[in-house]
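Notes follow the structure.
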Amino acid sequence: MTPPDTLKIGLFGLGTVGQGFIRALALARNAHAEISRICVRNVAKPRRVAVNPNILTDNPDDIINDPGINLIVEVIDDPEASYRIVTRALRRGIPVVSGNKAMIARHLPELIRLQREADTALLYDASSCGSIPIIRNLEEYYDNDLLLEVKGILNGSSNYILSRVFDLGAPYAEALAEAQRLGFAEADPSFDILGFDSLFKLVIITVHALGVYVSPDDVLCQGIADISDFDISYARDKRWKIKLVAQVVKVSDTEFTLFVMPEFVSPQKYIYSVDNEYNGVVIRGECYDRQFMFGKGAGALPTASSILSDVMARRHLYRYEYKKMSYIGRPAYTRQVELLIYLRYSDPAVLEAFTFTSISERYTSATASYVIGRITIESIIAAGDTLRRHDVFVCNIPQFFLDRD
Ligand code: HSE
């Protein structure tokens, strides 16, 4: 296949990222790409960027059926509409660049199959960690058996909120409203706060890190919604911060686990100084110990820069090969892994839902109580109802599962 002289782009979505993409493309003098058509829900809506009104449409067919369009960029919020557009485009052999992590994390096995059947490509570095090129790096550079762990802050909004609350003592609700105003948060910010946005990114990262797809429904995911002043003071007294951390980690030579959970972070850790809407990812492996990637994880232009990078890559016919998915001896996913957690609660009855293997510390007071103990990921998942319904905050106390490099 020869690369096209000019990319004629059909753009779906003109929200924060779509408008950012138009601005980023205008700065890219070597892109050889132009936006031929833009599909939006409401053509009459006023926008902050100037666009030719003649190329706006509200009919997806105007892009998908246009033989002149040779690349689709899809940056809409709605995962179901995104799924319909992306699968239709791939079936027609049109390559797609997408940032929709919820859609990709839920449908990746099918999306991989469609790319192969139609001999086309779906690129999605913008889906994970905004401007940080994590997917292409995991796919291309870390193509070996040495990876031990990919771990970090994958969500800009929750990190922004935690930074404001921790560093400036800002009220939680005010920090959340600011994250929304700045265009970091999802349309429904509970995705950021409850950890699902990090989870979707982690599922995608796991495919490119270890070649294994795990459904988001099977993964432990705890967010920061229940964090209290007590938890913040507890961490501050120890000179730690609390960060929302996602990790995929080998726990033995044959097994790995993955989960999203708030974590106590000491000043020695790279992610300690990852604040505001920045993301930071630590990649740990045998032979090279740790590497650290840091950058803006949310916002119009940082995310658009990643979309643009995928667009440029497509000019050279780049595609993910998913090589690791066919490797022999891929590690197996396990939830039978013990974590050391801090569990703060107000009603002592909630403790009955948690099957701790051992408890090393108990604290009880009139305002808040906590236990610190070892518990399997499986047992925390089993206590999911209690976690959702009661005032309980769980926080991981990090430990090495496979201590070697
Ligand atoms: N809501 C997401 C975040 C946007 O805050 O990280 C970037 O994926």
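First listed ligand is number 1; within each ligand, the first listed atom is number 1. These values consider heavy atoms only, across backbone and side chains, with no hydrogens, waters or symmetry-generated copies.
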Would you mind running through ligand 1 and noting each atom that sits below 4.0 Å from a heavy atom of [X]?
X: Lys201; value: 2 (C), 3 (C), 6 (O), 7 (C), 8 (O)
X: Gly156; value: 3 (C), 5 (O), 6 (O)
X: Phe184; value: 1 (N), 2 (C), 3 (C), 4 (C), 5 (O)
X: Glu186; value: 1 (N), 2 (C), 4 (C)
X: Lys101; value: 2 (C), 4 (C), 7 (C), 8 (O)

Given Asp231, which of Arg344, Lys238, Lys241 fulfils the salt bridge (charged side-chain N to carboxylate O under 4.0 Å, His left out) condition?
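Only one option passes, and that is Arg344.
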Tell me, which protein residue and heavy-atom name are nearest atom 5 (O) of ligand 1, and how many Å apart are they?
Ser157 OG, 2.6 Å
Heavy-atom distances under 4.0 Å are what count here, so tell me which part of Asp192 touches ligand 1: side chain, backbone, both or neither.
side chain
Is ligand 1 under 4.0 Å from a heavy atom in the side chain of Glu277, in the backbone, in both, or in neither?
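No part of Glu277 comes within reach of ligand 1.
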For Asn52, is the CG atom crowded, meaning more than 12 foreign heavy atoms sit under 6.0 Å from it?
yes
If you count the non-hydrogen atoms of other residues, nucleotides and ligands that lie under 6.0 Å from OH in Tyr141, is the total more than 12?
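Not more than 12 within 6.0 Å, no.
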Assess, by modelled atom type and distance only, whether the side chains of Asp192 and Ser158 contain a donor and an acceptor separated by less than 3.5 Å.
no
Is it the case that the side chains of Tyr327 and Asp143 hold a donor-acceptor pair, with the cut-off being a distance below 3.5 Å and no angle test?
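Note: Asp143 and Tyr327 side chains meet the donor-acceptor criterion.
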For Thr303 and ligand 1, answer yes if some heavy atom of the residue is under 4.0 Å from a ligand atom, otherwise no.
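Under 4.0 Å: no for Thr303.
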Check contact between Gly297 and ligand 1, using heavy atoms of the residue and a distance below 4.0 angstrom.
yes
Answer yes or no: is there an ion pair linking Asp78 with Arg41, defined by an N-O contact shorter than 4.0 Å?
no
Judged by atom type as modelled, is there a donor-acceptor pair below 3.5 Å linking the side chain of Lys250 to the main-chain atoms of Leu402?
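Not a single qualifying donor-acceptor pair exists.
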